[in-house]
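In this chain, residues are counted from 1 in sequence order. Quick caveat: nothing in here was measured; it's all calculated off a predicted structure.
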Amino acid sequence: MIQPLATAPTRPGLMGLDDALLQLRLHALHLVGVDTVPTFEADGRVLAQDVVSALQVPPQDNSSMDGYAVRCADVRQAGVALRVTQRIPAGQQGAALKPGEAARIFTGALIPPGADAVVMQEDTQAVSDDDAQGIPQVLVQLVPLPGQWIRRSGEDVRRGDIVLSRGERLQPTSLGLAASVGLSQLQVSRKPRVALFSTGDELVMPGDVAPEDMKPGAIYNSNRFFLRALLLRLGCEVSDMGIVPDRRDLTVAALKRAADNHDLILTSGGVSVGEEDHVKPAVQSLGQLELWQIGMKPGKPFAYGQVHREGQMGKAHFMGLPGNPVSSLVTFLLLVRPFILQIQGAFATSPVRVMLPAHFDVPKADRRREFLRVRRNAQGGLDLFPNQSSGVLTSAVWGDGLIDNPAGATIQNGDWVTYISFADLLL
């Protein structure tokens, strides 16, 4: 069974994930600057000011059905025949209804003065013969209720309503709502400028070297691809600085270049404790490290600090991710993502967590907080990817989320566990 976190403290010397997130929040100051962008182009951006409606939506009462606009006073019983004196399509204003009259009306058309209900056409029947004046008639086959099938003015949005709030991360539906109140442009936080590079002599780029020509120990740089894509999804401007060899002087030079005109430097690899891991001392020589190693699995070799800009005021944030692809992915999603959202002013930075049953066993506990790659199944539970190694990126493609398993906790089949969906984390 899952044990309380207090029974198995994080490994000594490692900062807990929650403490690390708190420290990052303290450093994640809102970026200065606002962009005015077309509403068409604002998807994924963070709103910089409230959107207040200057109008009602819908602006006037209108029909929510194809049918007939009627006066309820004229239809006291089913089977009443009314004269159809006008036809009102969407976008046109009808004349006032007189007693005994109905108006043929279509979805979205304005309700004519005097009408107080709409009867949908399925509940009517056209009369084959016109009346004495040659006006067509309709039989109303049910007694309507006042307000039936009428969309009232302002029932969606009222004038003066805040329809979108500052700090919202705009979604496609948000853009539609902004357009519905007449906004062709929106004020959003400026894009974070991020410099991205990988470290490692073993890394090569797909297309540069054919698989059969790879040197022993060489691997393709997968991290560069998913990290860049994730940054772009978060609304960042990305400067891809490529691969930096495992040399202290080259790492220092890359950090200096990256600090210039960038808000954040994001690296992958080189943040462990080996002799060829030069990122930590390089950052310390140019600024300071605030965080170093987190009590989580995968993802322990995570670093945060700042790099001073040479000859300029200010400094750039630095975040160093592990080199193993799953470790790099998980630390990005859980630590970098909320940081990037917060510096844009987003008020929602944490993913939704839900409880679901585990349909597997994890009999061996870990002293670190584990994030296990899982997938929902047809029975409403979670299946575990069989290989949870930090180098197995297949697990993140196969899975649709992570289990947040406390330090020291085992899992038995049927236990309820905390699940975080990739659908929340990858947007």
Side-chain angles (χ1 to χ4, degrees), residues 39-40 43 50-165 168 170-184 354 378-380 423:
T39 302
F40 268 129
D43 185 34
D50 292 343
V51 172
V52 180
S53 178
L55 49 80
Q56 304 267 100
V57 179
Q60 295 93 24
D61 293 354
N62 67 88
S63 176
S64 62
M65 286 286 177
D66 291 344
Y68 293 86
V70 301
R71 293 159 27 101
C72 290
D74 292 335
V75 188
R76 300 294 189 184
Q77 61 185 18
V80 169
L82 300 175
R83 303 164 70 213
V84 183
T85 57
Q86 56 184 311
R87 182 179 184 274
I88 312 174
Q92 294 187 17
Q93 176 71 61
L97 281 187
K98 298 176 181 178
E101 293 182 348
R104 180 74 168 108
I105 198 166
F106 298 89
T107 302
L110 300 183
I111 301 298
D116 55 6
V118 171
V119 180
M120 61 181 179
Q121 62 188 28
E122 291 86 347
D123 294 324
T124 64
Q125 181 180 341
V127 176
S128 57
D129 295 327
D130 297 341
D131 68 3
Q133 288 77 37
I135 297 175
Q137 300 181 78
V138 63
L139 289 178
V140 181
Q141 296 175 320
L142 58 74
V143 177
L145 298 174
Q148 174 179 295
W149 302 122
I150 294 177
R151 290 188 289 226
R152 295 300 184 186
S153 172
E155 73 172 33
D156 186 4
V157 177
R158 300 192 67 82
R159 185 178 292 106
D161 283 352
I162 296 175
V163 295
L164 296 168
S165 299
E168 283 192 48
L170 296 168
Q171 305 297 324
T173 48
S174 310
L175 307 188
L177 184 55
S180 75
V181 298
L183 293 184
S184 62
V354 298
Q379 292 73 45

Atom OG1 of Thr173 and atom CG of Leu170: how far apart are they, to the nearest 0.5 Å? 9.5 Å
Beyond-backbone contact of Leu177 with Val157, side-chain heavy atoms, under 4.5 angstrom: yes
Can a donor-acceptor pair be found, under 3.5 Å and without considering hydrogens, that links the side chain of Arg151 to the backbone of Ser63? yes
Less than 4.5 Å apart, side chain to side chain, heavy atoms only: is that true for Met65 and Asp123? no
Could you give me the CA-CA distance, side-chain angles and deciding distance for Asp161 and Arg158, then say whether salt bridge (Lys or Arg N to Asp or Glu O under 4.0 Å) is met? CA-CA 6 Å; Asp161 283 352; Arg158 300 192 67 82; 6.0 Å; no
OG/Ser180 to CG/Leu55 distance, rounded to the nearest 0.5 angstrom? 7.5 Å
Closest contact, heavy atoms only, Arg83 versus Ile135: NH2-CD1, 2.7 Å
Look at the side chain of Gln141 and the backbone N and O of Gly79, then say whether any donor-acceptor pair between them is shorter than 3.5 Å. no
Determine the minimum heavy-atom distance between Pro172 and Asp43, stating which atoms define it. CD-OD1, 3.4 Å
So does Leu183 get a backbone contact from the side chain of Thr39, meaning a donor-acceptor N/O pair under 3.5 Å? yes
One should read off an interatomic distance between Asp116 CG and Asp61 CG, to the nearest 0.5 angstrom, of 11.0 Å
Could you report the tightest heavy-atom contact between Val52 and Gly160, atom names first, then the distance? CG1-O, 3.7 Å
Using every non-hydrogen atom in the two residues, find where Thr124 and Tyr68 come nearest and quote the distance to one decimal. OG1-CE1, 3.4 Å
All N/O donor-acceptor pairs, side-chain side in residues 90-102, below 3.5 Å, sequence neighbours left out:
residue: Glu101; atom: OE1; partner: Thr85; partner atom: OG1; Å: 3.4
residue: Glu101; atom: OE1; partner: Lys98; partner atom: N; Å: 3.0

Without placing hydrogens or testing angles, list every side-chain donor-acceptor pair under 3.5 Å for residues 103-113, not counting sequence neighbours.
residue: Arg104; atom: NH1; partner: Gly67; partner atom: O; Å: 3.1
residue: Arg104; atom: NH1; partner: Gln121; partner atom: OE1; Å: 3.4
residue: Arg104; atom: NH2; partner: Gln121; partner atom: OE1; Å: 2.9
residue: Thr107; atom: OG1; partner: Asp66; partner atom: N; Å: 3.3
residue: Thr107; atom: OG1; partner: Asp66; partner atom: OD1; Å: 3.0

Minimal heavy-atom distance between Cys72 and Pro144, with the atoms involved, is SG-O, 3.9 Å
Here the pair of heavy atoms bringing Ser174 nearest to Leu164 is O-CD1, 3.6 Å
Can you tell me if Asp156 uses its side chain to pair, donor with acceptor, with the backbone of Val57 under 3.5 Å? no
